[in-house]
Amino acid sequence: MIFSTMVFVSLSPLLNPKSKTKFFPNRNQTYSPLSLNSSFLNKSDHRPPPSSSTLHSSPSSTPQGCRTRFHPCPSSSVSPPARITHSRSAASTQGSLYRHASHSPSTSAMCSGDPNIVLQPLCRVQTGLVQMYSNCGFLVEAAKVFDEMPDRSTVTWNVFITGLIKWGEVGLAHSVFDLMSARSIVSWTLVIDGYTRTNQSVKAFTLFRKMVQVDGIEPTEVTLLTIFPAIANLGSIKICQSVHGYAEKRGFNAFDIRITNALIDLYAKCGCIESASRLFREIPDHRKNSVSWTSVMSVFAMNGMGREAVESFEIMEKAGLRPNAVTFLSVLSACSHGGLVEEGLKFFNKMVNDYQLVPDIKHYGCLIDMLGRAGRVTMKILEIERGHGGDYVLMSNILTGAGRFKDAERIREMLDKRIAFKLPGCSVV
DNA sequence: ATAGGGTTAG
């Protein structure tokens with residue numbers, strides 16, 4: 001079939017054994033998923049060294065700037081023993097699914113010879129295979145199954161595109177997307193999302209615009225939430241406004257609080273504080289959730305409006321909404337920028353004691369920044385830490401990173417003393 | 001059967 005050949009050609013980099021290693025950068029042992037008792041995917045365990053040129057046809061493959069969850073590590077997410085287990089079940093599943101198909105309720109229909117009904121279960125099984133391989137990072141295997149499928153549904157294509165994007169092959173995913181004859185909104189969203197997450201904002205927005213303007217396809221709320229970070233990255237208030245208008249016109253804004261919250265953030269990042277806070281004010285109170293408040297607090301934080309952020313926090317709390325770690329980060333950042341040291345410390349206390357939230361490096365970063373402006377850095381932080389069993393080592397590392405070797409040294413000493421003090425206590429118990 | 005992050009320091 002011509003179509004199949006086209007797909008094959010476009011996937012040839014994936015099917016090229018030389019490119020295999022690229023997908024398993026952390027793999028320290030090689031074995032194939034179906035090698036145990038499958039012959040239809042013949043794998044070699046002795047592959048030539050990676051040849052990046054076979055795949056890097058465009059800079060889009062560059063993983064730099066990608067968010068981490070975008071590039072799960074194959075060897076950590078799927079451990080070798082699990083893989084072997086998986087391999088066995090994959091191979092046996094294949095058989096059992098086929099058996100299942102022959103005993104399924106549609107057996108009579110299949111016997112009647114209706115090709116559509118016969119093909120559907122096969123397509124689904126193979127789609128499942130493509131998905132399984134894609135999720136595990138076995139893109140070559142996924143491509144092979146995909147290529148050899150006699151019949152592919154839109155879901156098959158989407159599943160394969162998902163796999164390619166998940167493992168950083170956005171450019172390749174786009175090529176596959178281009179070959180589709182019937183793209184669903186999921187297909188578009190996937191590729192746009194791939195570009196957004198790899199910081200290819202122009203490509204993301206170009207594709208989004210093509211989808212809406214040329215192909216006349218309506219985005220879903222997921223598509224919009226996907227395109228917002230790209231627009232924020234472009235920093236264009238004009239695009240921000242036009243997308244906002246679109247969302248408003250289609251009713252997204254009214255029916256999905258997530259869209260409104262994301263728009264607040266988008267306006268702020270495009271430098272339009274007034275629009276951001278107006279958008280927030282226009283949300284009916286009963287629809288405001290903690291993310292809405294957090295978003296508006298971060299708008300205040302960006303502009304040194306500490307008082308307003310503190311005030312927002314209090315209103316939010318009174319409304320019975322529970323702040324999370326991000327909420328506290330916003331308010332701490334606002335306190336830091338607004339010079340509200342006492343308030344900032346109070347919020348940090350509240351976070352740890354009242355809400356039992358564990359501060360991370362960003363919270364400490366805010367604290368350091370805040371206290372750094374006021375002087376007295378180390379002792380103040382240690383006061384907090386002593387009360388709440390915080391992480392001295394983390395603190396010490398932060399200070400070392402900031403060039404405060406002397407302070408870091410002192411913290412280590414205190415840590416040692418603390419351990420020395422604690423040990424006898426433990427032995428009594 | 002397929003997307004599925006509202007908000008994350010400096």
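Throughout, protein chains are lettered first and strands after them, A, B, ... in sequence-line order, and every chain is numbered starting at 1. What you see below is based on every heavy atom in this structure, not just the backbone, and it leaves out hydrogens, waters and symmetry mates.
- Each of B/dT8, B/dG4, B/dA1 was ranked by its minimum atom distance to the side chain of A/Val222; first place goes to B/dG4.
- For A/Met297 and B/dT7, the CE to C1' distance is 10 Å, given to the nearest whole Å.
- Candidate nucleotides B/dA3, B/dG4, B/dT8 were compared by shortest atom distance to the side chain of A/Thr223, and B/dA3 ranks first.
- The listed nucleotides are B/dT2, B/dG4, B/dT8; the one nearest the side chain of A/Arg258 is B/dG4.
- Neither side chain, A/Asp193 nor A/Thr196, offers a donor N or O lying under 3.5 Å from an acceptor on the other.
- Taking the six-membered ring for Trp and the full ring otherwise, the centers of A/Trp188 and A/Phe208 sit at least 6.0 Å from each other.
- No engagement by A/Ser298 is indicated, since no non-hydrogen atom pair under 4.0 Å with the nucleic acid exists.
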For this session: Starting from the C-alpha separation in whole Å, work towards a yes-or-no answer on salt bridge (charged side-chain N to carboxylate O under 4.0 Å, His left out) for A/Lys288 and A/Asp285.
Result: CA-CA 5 Å; A/Lys288 284 178 184 144; A/Asp285 280 347; 2.8 Å; yes

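- Atom CZ of A/Phe160 and atom P of B/dA1 are 22 Å apart (whole Å).
- Residue pairs satisfying the salt bridge (charged side-chain N to carboxylate O under 4.0 Å, His left out) criterion with at least one member in residues 343-354 of chain A, sequence neighbours excluded, are listed as follows: A/Arg307-A/Glu343, A/Glu317-A/Lys350.
- Side chain of A/Ala262, nearest nucleotide from B/dA1, B/dA9, B/dG6: B/dG6.
- Contact annotation: side chain of A/Ser295 to base of B/dT7, donor-acceptor pair absent below 3.5 Å.
- B/dG6 atom P lies 11 Å from atom CG of A/Asn324, rounded to whole Å.
- Not a single salt bridge (Lys or Arg N to Asp or Glu O under 4.0 Å) links A/Lys362 to another residue, sequence neighbours left out.
- When heavy atoms are screened at a 4.0 angstrom cut-off, A/Ser153 is found touching base atoms of the nucleic acid.
- Below the 3.5 angstrom threshold, one finds a donor paired with an acceptor across the side chain of A/Thr220 and the base of B/dA3.
- Side-chain nitrogen and oxygen atoms of A/Arg197 include at least one within less than 4.0 Å of the OP1 or OP2 phosphate oxygen of B/dG4.
- The side chain of A/Leu225 lies closest to B/dG6, out of B/dG6, B/dT8, B/dG4.
- Using a 4.0 Å heavy-atom criterion, one finds that A/Asn289 contacts the bases of the nucleic acid, with or without backbone contacts as well.
- With hydrogens and angles left out, the side-chain atoms of A/Ser187 and A/Ser184 include a donor and acceptor closer than 3.5 Å.
- The distance between atom CZ of A/Phe228 and atom P of B/dT8, rounded to the nearest whole Å, is 14 Å.
- Distance A/Leu266 CG to B/dT7 P: 10 Å, rounded to the nearest Å.
- Atom CD1 of A/Ile161 and atom P of B/dA1 are 20 Å apart (whole Å).
- Dashed line: the shortest gap from a side-chain N or O of A/Lys288 to OP1 or OP2 of B/dT7 is not under 4.0 Å.
- Here A/Thr226 lies in heavy-atom contact (under 4.0 Å) with a base.
- The residue A/Gln131 sits close only to the backbone: its heavy atoms come under 4.0 Å of sugar-phosphate atoms, none of a base.
- No engagement by A/Ile259 is indicated, since no non-hydrogen atom pair under 4.0 Å with the nucleic acid exists.
- Counting only heavy atoms from C-beta on, A/Val291 has its side chain closest to B/dT7 among B/dA9, B/dA3, B/dT7.
- Remark: C1' of B/dT8 and NE2 of A/His363 are 8 Å apart, rounded to the nearest angstrom.
- Looking at heavy-atom distances under 4.0 Å, A/Thr127 makes contact with a base.
- Rounded to a whole Å, the CG atom of A/Asn261 is 15 Å from the P atom of B/dG5.
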